[in-house]
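Only one structure is covered here, and it is reproduced in the block below.
Naming: A, B, ... by sequence-line order, numbering from 1 per chain. A quick note: this is a predicted structure, and the numbers were derived from the prediction, not measured.
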Amino acid sequence: MNYWLMKSEPSAFSIDDLKKRPAHKSPWDGVRNYQARNFMRDDMRRGDLAFFYHSSCPEPAIAGIVQVVSEAYPDATQFDPGSAYFDPKATREAPIWWLVDVEFQQKLQPFITLLQLRKTPGLEEMMILRRGSRLSITPVTEEEWRIVEALTYLAC
DNA sequence: GCCAACGTTGGC
DNA sequence: GCCAACGTTGGC
């Protein structure tokens, strides 16, 4: 099993939005970066866990935990001319963009802020904390996962 | 709004 | 294949 961190702008799609979806599930659509796509298409497995990260907002933070609940399949928005994520180069026969479904597991209370992550020993190498890191989906090591989880327990 | 750090595009 | 120009991301 692998661990991940997935970014989303809460103004577009937040952890609460995911919880409100039918069965607490949603396709992780709209990813238009090849590296992030490859992680979903090639490396994610049903049962993997991911931090749901809120980006581009007043307080960037890990807001919750989600689980990967599907194998990778084509992102339907690439075929939809009405979608902001439409890709004219994609066809049903040769899709370009792939995604997985994620299911709400829990909301962290409180959120683990970016500032807090930066201050925490053991997380120095975390991909999201690296200078200039913009990838919307990044792998998280088991060690990093445990350290972040411990932060939430401490807060209780 | 600024800007650093990337990724993508396209001319050559 | 190089690389300049341009677009995007996302923290601040």
Quiz prompt | NZ/NE/NH1/NH2 to OD/OE distance under 4.0 Å, A:Asp16 and A:Lys107 | solution =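 Salt bridge: yes.
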Self-check item: Near-strand residues of residues 88-101 of chain A, defined as heavy-atom separation under 4.0 angstrom from DNA chain C
Solution: none
Quiz item: Hey, can you pull the residues of residues 51-62 of chain A with a non-hydrogen atom under 4.0 angstrom from DNA chain C?
Solution: A:Tyr53, A:Ser55, A:Ser56, A:Pro60
Let me know the distance between [atom1] of [X] and [atom2] of [N], rounded to the nearest Å.
X        : N      : atom1 : atom2 : result
A:Leu135 : B:dG7  : CG    : P     : 7 Å
A:Leu129 : B:dA4  : CG    : C1'   : 17 Å
A:Leu117 : C:dC12 : CG    : P     : 11 Å
A:Arg32  : B:dT9  : CZ    : P     : 13 Å
A:Tyr34  : C:dT8  : OH    : P     : 15 Å
A:Ile128 : C:dG11 : CD1   : C1'   : 11 Å
A:Glu9   : C:dT8  : CD    : C1'   : 11 Å

Self-check item: A:Val31 and A:Met40: CA distance, side-chain angles, deciding distance, side chain to side chain contact (heavy atoms under 4.5 Å, CB included) verdict
Solution: CA-CA 10 Å; A:Val31 170; A:Met40 286 199 282; 3.6 Å; yes
Practice problem: Just compare C:dG10, B:dA4, B:dC6 and give me whichever is closest to any side-chain atom of A:Lys7. | Solution: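 That would be C:dG10.
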Will you find, in the side chains of [X] and [Y], an N or O donor that is under 3.5 Å from an N or O acceptor?
X        : Y        : answer
A:Thr138 : A:Arg130 : no
A:Ser14  : A:Asp17  : yes
A:Trp28  : A:Asp101 : no

Self-check item: Derivation of the ring pair (Phe, Tyr, Trp, His ring centres under 6.0 Å) call for A:Trp97 and A:Tyr85
Solution: CA-CA 10 Å; A:Trp97 306 108; A:Tyr85 302 120; over 10 Å; no
Quiz item: Just checking A:Arg118: base, sugar-phosphate only, or nothing, at a heavy-atom cut-off of under 4.0 Å?
Solution: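 Here A:Arg118 touches the backbone only, sparing every base.
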Quiz item: Using the ring of each side chain (for Trp, its six-membered ring), is A:Phe52 parallel, tilted or perpendicular to A:Phe13, with breaks at 30° and 60°?
Solution: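 Plane angle between 30° and 60°, so tilted.
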Self-check item: Other residues, nucleotides, ligands: >12 heavy atoms within 6.0 Å of A:Leu129 CG
Solution: yes
Quiz prompt | Within 6.0 angstrom of A:Glu59 CD, more than 12 heavy atoms from elsewhere | solution =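 At most 12 heavy atoms, drawn from other residues, nucleotides or ligands, come within 6.0 Å of this atom.
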Quiz item: Would one find a side-chain N or O of A:Arg134 under 4.0 angstrom from OP1 or OP2 of C:dT8?
Solution: no
